[in-house]
Q: 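First the structure, which I've put down as structure tokens, then a few questions once you've had a look.
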Amino acid sequence: MSRVLIIGYGNPLRGDDGFGWRVVEELQGTLRGGQVELIACHQLTPELAEPVSQARYVIFVDAARETVPGKLTLSEVRMPGGAARFSHYLTPGRVVEYADKLFGRHPRRVYLLTVGAGNLEVGDTLSEEVARMVPLAKEQIARLCAMMRDAAGRKVSDGDAWSLRTKTDMRV
Amino acid sequence: MGKTILINPITRIEGHAKITIELDEQGAVSDAHFHVTQVRGFEKLCEGRPFHEMPSLMARICGICPVSHLIASASACDALMAVRIPETAANLRRVLNLAQIIQSHALSFFYLSSPDLLLGMDGNPAERNLVGVLQANPELARDGIRLRQFGQQIIESLGGKRIHPGWIVPGGVNAPLDAKKRDEILAAIPDALAIAERSLKWFKPLMERYREEISTFANFPSLFMGMVNEQGYFSSYNGKLRIVDETGKIVADHLAPADYPNFVGETVEPSSYLKSAYYKPYGYPEGIYRVGPLARMNVIDGWRTPRAFEEWAEFRELRRGAILSSFYYHQARLIEILYGIERIQQLLSEPSILSKHVRAYAEPNNFEGVGCAEAPRGTLFHHYKIDENGLITWVNLIIATGHNNLAMNRGVLQVASHFIHGERIEEGALNRVEAVIRTFDPCLSCSTHAVGEMPLDIELVRADGTVADHVVRD
């Protein structure tokens with residue numbers, strides 16, 4: 001399976017929390033080579049476990065409160081240990097764990113790309129410092145995709161059958 | 001001195017609420033209340049908006065059941081325009097409504113209530129959640145996720161997005177259904193049906209484990225209200241309302257939703273932001289009634305689909321007359337999921353579902369309009385008034401959870417009185433008090449809107465528990 005799943009999540013009506021959506025919107029039609037699925041959603045839910053289980057690589061995209069506004073951070077996501085104490089809110093790691101426990105499969109690699117949020121007030125535009133990071137985030141994702149390999153060890157970007165399946169929970 | 005037990009917040013429900021339980025000096029429960037602690041205020045927020053915006057605005061009341069509000073709101077707008085929408089549009093609205101009932105019931109049953117049903121009411125609270133279900137019975141968790149996904153994917157396919165979809169507009173829907181989407185949905189039906197059947201098969205034998213809960217979970221005589229079609233079968237949209245009593249006798253029938261002010265009264269209690277509805281001819285609070293899956297099982301004469309009909313007929317054998325225990329809401333939800341899947345298959349198999357004629361157009365022709373639909377949790381009314389420019393001047397919303405408020409309060413008192421006794425308060429007993437609320441699957445974000453100026457009762461309590469000040473606004 002040589003599939004890449006990119007999930008941008010957050011509330012597009014709360015300023016910089018819409019960063020994940022914006023990145024996914026702008027990625028549509030731009031990634032070349034490979035089978036890529038794009039999902040934009042308000043929050044991570046158990047329903048994402050199945051598509052995550054079917055992907056070879058997953059990239060989550062979100063805004064983060066804890067870092068410097070406008071700072072891009074890429075990290076690898078691992079399945080958390082121990083029992084979840086709270087089922088109302090899911091982290092990327094928990095979604096991967098659900099994928100593994102429910103469907104017996106999990107991706108080869110999972111990444112989380114975040115931008116430090118500057119403004120989380122009600123509104124549908126990104127702050128200037130975060131909006132500047134959208135092209136950089138897209139480049140980062142494209143570089144990640146270029147490194148990914150399929151089950152035969154070939155680079156995903158070298159595959160023959162290209163298809164871009166876009167499934168988005170797009171805002172109106 | 002008596003004691004007050006506070007359960008705050010109530011867990012595994014939609015929205016924010018608390019329960020207070022008063023104990024007398026002997027430690028017996030003397031009173032109990034369900035308090036909704038959030039307010040949404042959409043009845044006031046929408047004043048001044050053009051009426052045609054209302055479906056889109058009203059969908060934002062809720063993230064779980066936006067489609068119900070879309071449909072009831074569009075239906076009210078149809079009444080303002082005085083149009084009869086094309087039959088294909090009515091059927092497409094039904095498909096979307098049924099998809100929502102499926103995904104909402106799946107959420108309620110599998111995500112919110114199955115932890116109690118699978119792991120036990122006295123199970124370890126740290127494990128008595130969706131994660132615990134995932135570990136104890138992965139197939140059940142998978143089934144729940146896939147069923148919810150089935151409903152959500154239909155909503156996304158037809159309405160453009162899973163949460164706050166569009167597509168349903170005054171006069172009909174804004175685009176016809178294409179054959180590709182129809183075929184994709186039909187292809188997913190067999191798996192969804194298999195899950196629904198499996199879930200019922202798993203759940204029904206479990207009821208033996210819960211005899212005590214069945215007898216005490218809001219198990220009392222009340223009226224029941226729901227929507228039926230001309231044959232007396234379940235109708236999710238465009239039907240008439242029927243009310244039955246605890247013996248199953250029809251108290252009122254063929255009620256036009258637009259006439260609801262004649263038979264539905266509303267009142268406000270100072271301890272909650274949730275209005276209480278009651279059957280007006282019987283007065284308050286004697287006119288207590290229930291809506292939603294259990295009520296629908298009691299008011300209808302049958303279902304239009306074969307498997308749901310069989311399950312319903314078996315369900316009705318549980319008791320002579322109406323089924324009274326709210327614990328049976330769980331089973332009723334599973335039957336409605338089954339019906340929803342079968343009925344979507346029937347509707348999409350009609351050639352006319354692909355008709356291009358899906359919208360009626362008109363300017364406003366009435367100053368007042370009422371829309372009504374059966375939402376996952378029960379009957380939903382949207383009532384609008386507009387001025388000569390088509391701007392909203394007044395809104396009244398009666399949400400399913402509001403219809404059930406009196407029953408939920410009585411249920412809390414019944415459960416607390418049975419399971420809580422003075423000296424020792426067991427965690428499982430408190431969980432049961434929450435669990436009776438969960439049987440109703442309340443949607444509190446949907447249901448808390450102001451009726452004029454909101455009554456307020458505020459206590460300023462010192463750290464030692466004594467009251468420093470008390471202010472009341474009626």
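Each chain gets a letter, A, B and so on, in the order its sequence line appears, and its residues count up from 1.
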Q: Check the surroundings of atom CZ in R109(A): do more than 12 heavy atoms from other residues, nucleotides or ligands lie under 6.0 Å from it?
A: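 No.
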
Q: If you compare all heavy atoms of A141(B) against all heavy atoms of L102(A), which two are closest, and at what distance to 0.1 Å?
A: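 Here A141(B) and L102(A) meet closest at CB-CD2, 3.6 Å.
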
Q: How long is the gap from OH on Y98(A) to CZ on R142(B), to the nearest 0.5 Å?
A: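 One finds 14.0 Å between OH of Y98(A) and CZ of R142(B).
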
Q: Are Q149(B) and P51(A) close enough that some pair of their side-chain heavy atoms sits under 4.5 Å apart?
A: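 Yes, their side chains come closer than 4.5 Å.
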
Q: Under 3.5 Å, which donor-acceptor pairs do the side chains of residues 101-112 of chain B form with other protein atoms, sequence neighbours left out?
A:
from	atom 1	to	atom 2	distance (Å)
Q103(B)	OE1	R148(B)	NE	3.0
Q103(B)	OE1	R148(B)	NH2	3.2
Q103(B)	NE2	I64(B)	O	2.8
S104(B)	OG	R377(B)	NH1	3.1
S104(B)	OG	R377(B)	NH2	3.3
H105(B)	NE2	E336(B)	OE1	2.7
Y111(B)	OH	E47(A)	OE2	2.0

Q: Check side-chain contact (heavy atoms from CB on, under 4.5 Å) between Q140(A) and all other residues, then give those that pass, not counting sequence neighbours.
A: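 For Q140(A), the residues satisfying side-chain contact (heavy atoms from CB on, under 4.5 Å) (neighbours in sequence not counted) are L74(A), L113(A), R143(A).
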
Q: Is it the backbone or the side chain of Q152(B) that comes under 4.5 Å from a heavy atom of chain A, or both, or neither?
A: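 The side chain, not the backbone.
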
Q: If you draw a 6.0 Å radius around CZ in R198(B), do more than 12 non-hydrogen atoms from other residues or ligands fall strictly inside?
A: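 Yes, because the 6.0 Å sphere around CZ of R198(B) holds more than 12 heavy atoms from other groups.
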
